[in-house]
Undergrad: 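This structure is in C-alpha cells; I'll ask about it shortly.
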Amino acid sequence: MKKVSVIFFWCLTTMLIMTCGSSRFVPSEDMTKLDLQIKDYVIKPGQKLYYAAKVHASVGSAVSVSVADKTIVKIGDEIFEYDNPKNAKMPGGDAATEYYIFEGVKKGATTIQIDEVFRGEIEASHSIKINVVE
C-alpha cells in the first residue's frame, strides 16, 4: 500500500507541475503499441514499444509501470499530454494520456509490469513478457 501511495503522490505531483506543449505524441512507424491482452512480445535490440495510459489525477486514476530487468529493456521517455490542455488547470480538467516508451537493450527476457491504480489501490495488474532477440 505504501508503494502505491508513493507512486500515486509522484504521479499527482508530476501532473501538477508539468506544462503541456503544443506538439502531440505521434509514434514512429517502427514502434509497437503494447496491447494488454497480448502477454508476450519478441523484439530486437534498439526496437521500441510504447504504452498509452489514461490518467486522471483529480479523480484518483493513475498507472504504475516498471521493468524487471532494465539491462534488457529500458524505460526511455515518459510523455504526458493533457486531453484538453485549455482545461488542464480547471477542476476536473486534468484528464490526460501518459505515454511510456520502452526500448530493447540486449538479448534476454524480462517483464514489464503495468498496474492500473484508482485512489491508491491497484485495480488491475498486467505482466507482459518481453523477449529481446538478436
Side-chain angles (χ1 to χ4, degrees):
M1 177 64 186
K2 184 176 181 181
K3 179 183 175 186
V4 173
S5 296
V6 170
I7 292 167
F8 178 74
F9 177 75
W10 177 85
C11 289
L12 179 61
T13 303
T14 300
M15 286 188 261
L16 291 174
I17 64 174
M18 293 181 81
T19 58
C20 184
S22 59
S23 62
R24 305 295 275 177
F25 172 72
V26 177
S28 60
E29 289 183 19
D30 61 340
M31 293 176 82
T32 301
K33 182 176 183 178
L34 285 178
D35 179 342
L36 297 180
Q37 303 304 314
I38 299 173
K39 300 299 178 190
D40 291 288
Y41 284 84
V42 177
I43 63 172
K44 295 181 180 180
Q47 186 175 350
K48 294 182 179 181
L49 306 164
Y50 73 96
Y51 174 65
K54 298 301 281 179
V55 296
H56 199 164
S58 65
V59 297
S61 179
V63 68
S64 169
V65 175
S66 63
V67 176
D69 188 341
K70 294 175 183 75
T71 66
I72 296 172
V73 172
K74 68 178 182 177
I75 299 178
D77 294 328
E78 294 179 29
I79 301 165
F80 179 88
E81 295 179 351
Y82 287 110
D83 291 349
N84 189 343
K86 292 178 182 177
N87 293 340
K89 299 202 187 305
M90 298 175 70
D94 61 340
T97 302
E98 195 160 10
Y99 297 93
Y100 294 87
I101 314 299
F102 305 93
E103 183 176 350
V105 177
K106 68 177 184 179
K107 184 178 178 181
T110 190
T111 303
I112 294 173
Q113 183 69 34
I114 299 172
D115 294 328
E116 298 171 16
V117 180
F118 184 68
R119 296 186 179 164
E121 298 292 329
I122 296 174
E123 293 276 303
S125 188
H126 309 276
S127 185
I128 302 169
K129 184 176 180 182
I130 309 294
N131 289 299
V132 181
V133 298
E134 296 290 331

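Quick note: numbers below take in every heavy atom, side chains included, and nothing from hydrogens, waters or symmetry partners.
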Undergrad: Could you list the donor-acceptor pairs under 3.5 angstrom formed by side chains in residues 124-134, with sequence neighbours left out?
TA:
residue	atom	partner	partner atom	Å
S125	OG	Q113	NE2	2.5
S125	OG	D115	OD1	2.6
H126	NE2	E116	OE2	3.0

Undergrad: State, with a plain yes or no, whether a side-chain heavy atom of M90 is found less than 4.5 Å away from one of S58.
TA: no

Undergrad: Among residues at least two apart in sequence or on other chains, which ones pass side chain to side chain contact (heavy atoms under 4.5 Å, CB included) with A88?
TA: Y82

Undergrad: Kindly indicate, with the supporting measurements, whether the criterion side chain to side chain contact (heavy atoms under 4.5 Å, CB included) is fulfilled by E103 and Q47.
TA: CA-CA 6 Å; E103 183 176 350; Q47 186 175 350; over 6 Å; no

Undergrad: Does any N or O in the side chain of R119 come within less than 3.5 Å of the main-chain N or O of S61, such that one atom is a donor and the other an acceptor?
TA: no

Undergrad: OH of Y100 to OG of S64: how many Å apart, nearest 0.5 Å?
TA: 7.5 Å

Undergrad: Check whether any side-chain heavy atom of V55 sits under 4.5 Å from a side-chain heavy atom of F80, and report yes or no.
TA: yes

Undergrad: Applying side chain to side chain contact (heavy atoms under 4.5 Å, CB included), can you list everything that pairs with V67, at least two apart in sequence or on another chain?
TA: K70, V73, I75, F102, T110, I112

Undergrad: For the hydrophobic clusters of this structure (ILVMFWY residues joined by side-chain heavy atoms under 4.5 Å, transitively), does one cluster hold both Y51 and F118?
TA: no

Undergrad: For K54, what residues pass the side chain to side chain contact (heavy atoms under 4.5 Å, CB included) criterion, not counting sequence neighbours?
TA: D83, T97

Undergrad: If a pair satisfies side chain to side chain donor-acceptor pair (under 3.5 Å) and one of its residues is in residues 26-45, list it, with sequence neighbours excluded.
TA: S28-D30

Undergrad: Who pairs with Y99 by ring-ring contact (aromatic ring centres under 6.0 Å, His included), at least two apart in sequence or on another chain?
TA: F25

Undergrad: Does the pair T71 and V105 meet the rule for a side chain to side chain contact (heavy atoms under 4.5 Å, CB included), with working shown?
TA: CA-CA 6 Å; T71 66; V105 177; 5.8 Å; no

Undergrad: Which distance, rounded to the nearest 0.5 Å, do you find between the CG of L49 and the CE of M31?
TA: 8.0 Å

